[in-house]
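Structure first, then comments.
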Number of protein chains: 2
Amino acid sequence: MAQPADTARKSIGARRNPASADAILDAAEAVLVEAGYSGFSIEAVARRARAGKPTIYRWWPSKAALLFDVYQRQKRVDTPDTGNLEKDLVGFLDSLFEHWRSTPSGNIFRSLIAEAQSDDGAAAALADYAAGRRVTTGRMIERAKARGEVRSDVDAVLVADMVASFAWTHLLTNRLNGEEAAIRGAVRYILQGILDHRA
Amino acid sequence: MAQPADTARKSIGARRNPASADAILDAAEAVLVEAGYSGFSIEAVARRARAGKPTIYRWWPSKAALLFDVYQRQKRVDTPDTGNLEKDLVGFLDSLFEHWRSTPSGNIFRSLIAEAQSDDGAAAALADYAAGRRVTTGRMIERAKARGEVRSDVDAVLVADMVASFAWTHLLTNRLNGEEAAIRGAVRYILQGILDHRA
DNA sequence: ACCTCATCGATACGGAACGTTTCGTTAAAT
DNA sequence: ATTTAACGAAACGTTCCGTATCGATGAGGT
């Protein structure tokens with residue numbers, strides 16, 4: 001679901017000032033980029049957006065919800081489809097690492113994961129999002145299965161989970177640079193395995 | 001005059017009351033277990049330990065440092081060695097998940113990772129720790145290489161990284177229960193790959 | 001036996017951010 | 001033109017931060 005955790009929007013009075021919501025999301029992103037997660041406070045966002053704190057709290061029940069909406073506004077890396085799974089997976093991870101490195105998305109996502117460790121709402125939203133992405137990425141593997149490239153008994157979502165886990169962990173431990181060899185290695189091991197003798 | 005070994009007052013100041021340090025670490029762990037990461041504050045730890053805040057700040061420069069020490073006191077899951085890599089990896093992950101589930105270690109580790117997203121010191125400590133664990137776990141793969149079970153060109157540390165990533169991500173997204181099938185699948189894919197045809 | 005001194009618990013401090021409440025103002029909807 | 005609700009600003013009490021200051025405690029050295 002693309003909606004924020006709650007959306008318990010009050011009565012008929014629809015969001016009267018969408019410009020204000022945009023300004024707040026813009027400010028939140030800017031604060032996150034300039035001050036980092038540790039400097040990301042509702043007060044800082046309100047100051048930056050020239051908005052009142054209650055305005056933020058009215059629409060976003062928590063810092064986590066705001067973070068999640070900021071993340072949702074970011075562009076996503078979509079999954080390639082060249083007809084070759086190895087090329088697709090390596091390309092996907094290369095693009096993802098580059099995207100995390102060169103846009104605010106990486107730091108926003110890190111913050112979101114961190115927040116999810118202490119905020120149940122953020123945890124639920126993140127779990128939901130991650131499950132969706134596993135399915136999306138899993139389609140890459142499904143396509144390869146369809147063309148007979150991958151064994152039919154393979155769990156595409158699980159493979160997507162392994163790929164995502166590799167990426168997440170690298171993001172969380174600041175290992176996004178010069179990891180091309182690791183990416184290629186990891187993909188190759190998932191595709192071909194590491195055993196010396198085959199049954 | 002029989003003088004004891006000169007452990008004399010050192011730079012950092014001889015820790016005069018190790019019992020107090022233990023009490024603080026005990027309290028920190030208890031707070032973390034009872035109130036979770038969001039309730040984990042220096043003040044709460046001090047209250048619980050009947051210690052003064054300055055006493056904590058004297059020895060631990062940050063919340064992250066205290067967290068790390070708490071984590072270091074926990075038991076670790078060690079890597080099995082049955083002579084069969086698949087059994088070892090599955091056993092290792094099963095034990096790790098069970099350990100994270102049934103002891104405070106999981107939540108402490110989650111907190112540490114979260115803290116590392118906003119504290120450079122914690123990030124460095126975590127990176128160091130994780131690198132060490134990759135080497136340790138990598139020995140499992142090295143042993144399998146030595147007995148010819150694994151291809152000699154395989155990067156053992158990278159494989160360990162993939163295994164750890166899988167575990168970390170499951171921890172961070174609250175997926176520690178009923179994951180036996182996923183563990184077996186992931187290990188099998190790493191060992192045997194997912195391709196249908198081999199080159 | 002005395003003295004010295006680092007650590008101890010306790011308390012207070014200024015600062016920041018929390019989440020809420022109050023109050024005029026503004027602007028869309030009727 | 002009137003209603004109505006979201007708006008910004010400001011202030012609130014609270015919690016926690018990290019630091020400073022205090023007298024008490026107790027071990028080591030003389």
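Letters go in sequence order (proteins before strands), and every chain restarts at 1.
Side-chain N or O atoms of A:Arg151 include one that pairs as donor or acceptor with a backbone N or O of B:Gly193 at under 3.5 Å. Here the side chain of B:Lys63 pairs a donor or acceptor atom with the backbone of B:Phe40 at under 3.5 angstrom.
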### Message
In dot-bracket form, 5' to 3', how is DNA chain D paired? Count Watson-Crick and G-U wobble pairs only if both distances fall under 3.5 Å, and write | where the partner sits on another strand.
### Response
||||||||||||||||||||||||||||||

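Here A:Thr55 does not reach the OP1 or OP2 of D:dA6: none of its side-chain N or O atoms lies under 4.0 Å away. Dashed line: the shortest gap from a side-chain N or O of A:Ser20 to OP1 or OP2 of D:dG8 is under 4.0 Å. Contact annotation: B:Trp59 side-chain N/O to C:dA6 OP1/OP2 distance is not under 4.0 Å.
If you take CD1 of B:Ile56 and P of D:dG18, they are 11 Å apart, rounded to a whole angstrom.
Using a 4.0 Å heavy-atom distance criterion, B:Arg58 is classed as a base contact.
Atom CG of residue A:Leu172 and atom CD1 of residue A:Ile113 lie 4.5 Å apart, to the nearest 0.5 angstrom.
Sorted by residue number, the list of members of residues 22-33 of chain A with any non-hydrogen atom under 4.0 Å from DNA chain C is empty.
With A:Leu112 as reference, A:Leu67 is the one residue of A:Val70, A:Asp119, A:Asn107, A:Leu67 to meet the side chain to side chain contact (heavy atoms under 4.5 Å, CB included) rule.
For A:Val157, the side-chain contact (heavy atoms from CB on, under 4.5 Å) partners two or more places apart in sequence, or in a different chain, are A:Arg134, A:Asp155. Judged as a side chain to side chain donor-acceptor pair (under 3.5 Å), and not counting sequence neighbours, B:Asp94 has no contacts. Remark: B:Tyr71 engages B:Phe109, B:Tyr129 in a ring-ring contact (aromatic ring centres under 6.0 Å, His included) (not counting sequence neighbours).
Between B:Phe97 and B:Trp100, the two ring planes are parallel [angle under 30°; tilted spans 30° to 60°].
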Would you list the protein and nucleotides 14-20 of chain C atom pairs, both N or O, that sit under 3.5 Å from each other?
unit_1 : atom_1 : unit_2  : atom_2 : d
C:dC18 : OP1    : A:Ile42 : N      : 3.1
C:dC18 : OP2    : A:Ile42 : N      : 3.1
C:dC18 : OP2    : A:Glu43 : N      : 3.1
C:dG19 : OP2    : A:Tyr57 : OH     : 2.4
C:dG19 : N7     : A:Lys53 : NZ     : 3.0
C:dG19 : O6     : A:Lys53 : NZ     : 2.5

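A salt bridge does not link A:Glu86 with A:Arg188: none of the charged nitrogens is closer than 4.0 Å to a carboxylate oxygen.
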